[in-house]
Protein chains: 2
Amino acid sequence: MPTSSPSPEPLPSRRIAETLRAAIENGELSPGDRLPSERSLAEQYGAARNTAREAIRILAEQGLVIAEHGRGVFVRERKRLLRFGSDRYSLKNRETGLTPFRLEAARQGRTARIEVLGITREEPPEDVAERLGVPTGIAGVVHRENHYFADDEPVQIVSTYLKWEEAQGTPLMEPRSGPHGIYGRLEELGHVMTRGRDEITARMPSPHESALLRLPPGVPVLEVLHTSFDQNAEPFEVSRYVHRADRAGLLYELPVEQAES
Amino acid sequence: MPTSSPSPEPLPSRRIAETLRAAIENGELSPGDRLPSERSLAEQYGAARNTAREAIRILAEQGLVIAEHGRGVFVRERKRLLRFGSDRYSLKNRETGLTPFRLEAARQGRTARIEVLGITREEPPEDVAERLGVPTGIAGVVHRENHYFADDEPVQIVSTYLKWEEAQGTPLMEPRSGPHGIYGRLEELGHVMTRGRDEITARMPSPHESALLRLPPGVPVLEVLHTSFDQNAEPFEVSRYVHRADRAGLLYELPVEQAES
DNA sequence: TAGTGGTCTAGACCACATC
DNA sequence: ATGTGGTCTAGACCACTAC
């Protein structure tokens, strides 16, 4: 009897991983449940501990489980996502007096906290310089760095860049920039946001981001590079949002222009 | 002389990884260059091969390098991103006669290929059913699955869901759905897209997606769940786009509504 | 104190790429 | 034939958690 296909006898580590994956997906193991220990998996499958460990690594890479030092390996919870996006800059949110982040956190019954990391004059990163229309190589921008927490869990890092020549000596250099935040001050400087552009990418975090966001392995980040344009179609503000992708998503509402009759 | 901080003597694997990371970032190692082999790294640092291997794994997880069986470990190229987003549904692109994907590929001098995987009547996934406003548990939708390639490299997987009662017996069940694609047919059925919603998340790929997109380890996917609404604010189409995040990004242009005077 | 994951060593064999 | 990454074994010690 010829085997219908080569069926190359899966590797031990894959086999263990697949068995566990199936158990998770059919509900035998529920979110929060502990997996058997590496040592007991190894014994159970007649393998070395490193092999069981490799199986766990595969599942962790897929975001299915999370290892906790000294406690065990657990099936991941799938928490509801905080959602940000096209209404992050919407004027109608202004009336609530809440920033979009606080609004979204409140909507989900979570506590919001915002930490101002620093407001410094700097040389802009290349991608920011390009979009803001300032030269690179000189300290031509103000960099405001904020960290956002929901239920004291870090959720996003935001770096806002403004032109130094404009921000210099204004409340834009202060942690609390006044009514309606920096957009309020920028309007007073003659910049009304009439158009925005969001460029979205996903990638694995740098070690720095990994530490700041306290990211477990296998969780990517969503990066949004936002550019604000004023009534003269001039860019006047660029922000980089880095979200942990397992806790935050993006929502864009798109009006579709109609064909002229 | 007291050490200014505990400075807990970094782990060998981290130390090797950091040295290589620095070499990559300062340009000593350029994209495409081969790293020293695992065995020679181990010898060089007086470590076991598994330790050098772990260092490579750390870099691969960060997307900095890619291991190729039998050839070596290479610094990743940073290719320019294909960009999709708010104009994916824009009417003005219709006039070019090109689909948004072909347009973007052409813009970057890459060849586009689209493969129709299947058009089948199915039971919708829960998230799709919810958004399309159809019941789950019955085969109430048509699922069109397409794969998109740039230079014969798989870039995105698109699953489009339509209501079966509407698509039944129409060109919407055909691979080539006619002028202006499915949106042309849907307009003839009385659905003019007046609004769209894109819900964006990032995550690590499932093994299935990993295989379809031929993803190297450590590359996340960008998922866009799109819903189209017609002139009566009824949802009439839902599509799920799964992009490989190292080759595709998203671009959203946001008009900002002005406050009334 | 016992059990867990985190890391490391020192070997081994296999599969793939190159010449 | 040689060198590469991919996987595995069988041990060891450490750091963290729970009791």
Side-chain angles (χ1 to χ4, degrees), chain A residues 6-20 29 32-76 207 210-211 214-219, chain B residues 6-20 29 32-76 207 210-211 214-219:
Chain A
S7 179
E9 178 67 31
L11 296 171
S13 58
R14 302 280 169 178
R15 200 175 128 249
I16 299 175
E18 270 318 301
T19 305
L20 292 171
L29 289 167
D33 283 2
R34 218 194 76 183
L35 269 57
S37 75
E38 294 175 348
R39 286 164 178 88
S40 69
L41 280 172
E43 192 190 11
Q44 182 182 337
Y45 289 89
R49 186 183 153 205
N50 272 354
T51 303
R53 194 171 165 71
E54 171 70 6
I56 300 291
R57 201 195 57 75
I58 290 168
L59 297 174
E61 195 176 69
Q62 294 168 8
L64 286 173
V65 303
I66 171 76
E68 296 185 26
H69 196 164
R71 301 204 335 118
V73 178
F74 299 85
V75 180
R76 255 218 193 114
S210 202
R214 295 205 289 268
L215 285 175
V219 175
Chain B
S7 179
E9 178 66 33
L11 295 172
S13 58
R14 302 281 168 175
R15 200 174 129 249
I16 299 175
E18 269 319 300
T19 306
L20 292 171
L29 288 167
D33 283 2
R34 217 194 74 182
L35 269 56
S37 75
E38 294 174 349
R39 285 165 180 85
S40 69
L41 281 173
E43 192 189 13
Q44 183 182 337
Y45 289 88
R49 186 183 154 207
N50 272 353
T51 303
R53 193 170 166 72
E54 171 70 5
I56 300 292
R57 200 194 56 74
I58 291 168
L59 297 173
E61 194 175 70
Q62 295 167 8
L64 287 173
V65 303
I66 171 79
E68 295 185 27
H69 195 165
R71 302 205 333 120
V73 177
F74 299 85
V75 180
R76 269 239 179 93
S210 202
R214 294 204 289 267
L215 285 175
V219 176

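Within every chain, numbering begins at 1; the chains are lettered A, B, ... in the order of the sequence lines, protein sequences first and strands thereafter.
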- Task: Would you mind reporting whether B:Val75 and B:Leu64 have side-chain heavy atoms less than 4.5 Å apart?
- Result: no
- Task: Report the distance from atom CZ of A:Arg14 to atom C1' of D:dC8, rounded to the nearest whole Å.
- Result: 14 Å
- Less than 4.5 Å apart, any side-chain heavy atom of A:Tyr45 and any of A:Thr51? no
- Item | Spacing between B:Glu54 atom CD and C:dA10 atom P, to the nearest angstrom | 17 Å
- Message: How long is the straight-line distance from OG of A:Ser40 back to CZ of A:Arg49, given to the nearest 0.5 Å?
- Response: 11.0 Å
- Would you indicate what A:Arg57 reaches in the nucleic acid, counting non-hydrogen atoms under 4.0 angstrom: base, sugar-phosphate, or nothing? nothing
- Message: Using whole Å, what does the distance between atom C1' of nucleotide D:dC8 and atom CD of A:Glu38 come to?
- Response: 15 Å
- Task: Could you grab the distance from atom CD of B:Glu61 to atom CD of A:Glu61, nearest 0.5 Å is fine?
- Result: 6.5 Å
- Query: Does D:dG5 have OP1 or OP2 sitting under 4.0 Å from an N or O in the side chain of B:Arg53?
  - Reply: no
- Message: Is A:Thr51 close enough to D:dT7 that one of its side-chain N or O atoms is under 4.0 Å from OP1 or OP2 there?
- Response: no
- Query: For B:Ile66 and D:dG6, what is the distance between atoms CD1 and C1' respectively, to the nearest whole Å?
  - Reply: 13 Å
- Note on the structure: A:Ile58 atom CD1 is separated from D:dT7 atom C1', nearest whole Å, by 10 Å
- Message: Quick check: do B:Leu41 and B:Ile56 have side-chain heavy atoms less than 4.5 Å from each other?
- Response: yes
- Task: Step by step, work out the side-chain contact (heavy atoms from CB on, under 4.5 Å) result for B:Val219 and B:Arg76.
- Result: CA-CA 11 Å; B:Val219 176; B:Arg76 269 239 179 93; 3.5 Å; yes
- Message: Under 4.0 Å from OP1 or OP2 of D:dT7: is there any side-chain N or O of A:Ser13 that close?
- Response: no
- Message: Taking B:Arg57 first and then B:Glu54, would you say they form a salt bridge - that is, a charged N and a carboxylate O separated by under 4.0 Å?
- Response: yes
- Near B:Glu43 CD, under 6.0 Å, is it more than 12 heavy atoms from other residues, nucleotides or ligands? no
Provide a list of protein-nucleic acid N or O atom pairs under 3.5 angstrom, restricted to nucleotides 11-14 of chain C.
unit_1: C:dA12; atom_1: N6; unit_2: B:Arg49; atom_2: NH1; d: 3.4

- Note on the structure: DNA chain D nearest-nucleotide lookup for A:Ala52 and A:Glu68: closer to the 5′ end is A:Ala52
- Message: Which nucleotide wins on minimum distance to the side chain of A:Arg71, given the candidates D:dA18, C:dG5, C:dT9?
- Response: D:dA18
- Note on the structure: In whole angstroms, the gap separating P of D:dG3 from CG of B:Leu41 amounts to 17 Å
- Message: Assess the residue pair A:Asn50 and A:Arg53 against the criterion (side-chain contact (heavy atoms from CB on, under 4.5 Å)); give the C-alpha distance rounded to whole Å, side-chain angles, the decisive distance to 0.1 Å, and a yes or no.
- Response: CA-CA 5 Å; A:Asn50 272 354; A:Arg53 194 171 165 71; 4.1 Å; yes
- Message: As an exercise, state the distance from CD1 of A:Ile16 to CG of A:Leu11, rounded to the nearest 0.5 Å.
- Response: 10.5 Å
- In whole angstroms, how far is the C1' atom of D:dG5 from the CG atom of B:Leu35? 13 Å
- Task: Report the nucleotide, chosen from C:dC8, D:dG5, C:dG6, that has the shortest atom-to-atom distance to any side-chain atom of A:Ala67.
- Result: C:dG6
- Note on the structure: The bend of the helix from C:dT1-D:dA18 to C:dT18-D:dA1, taken between the axes of its five terminal pairs at each end and rounded to 10°, is 10°
- Task: Could you state the atom-to-atom distance from CD of B:Glu43 to C1' of D:dG3 in whole Å?
- Result: 14 Å
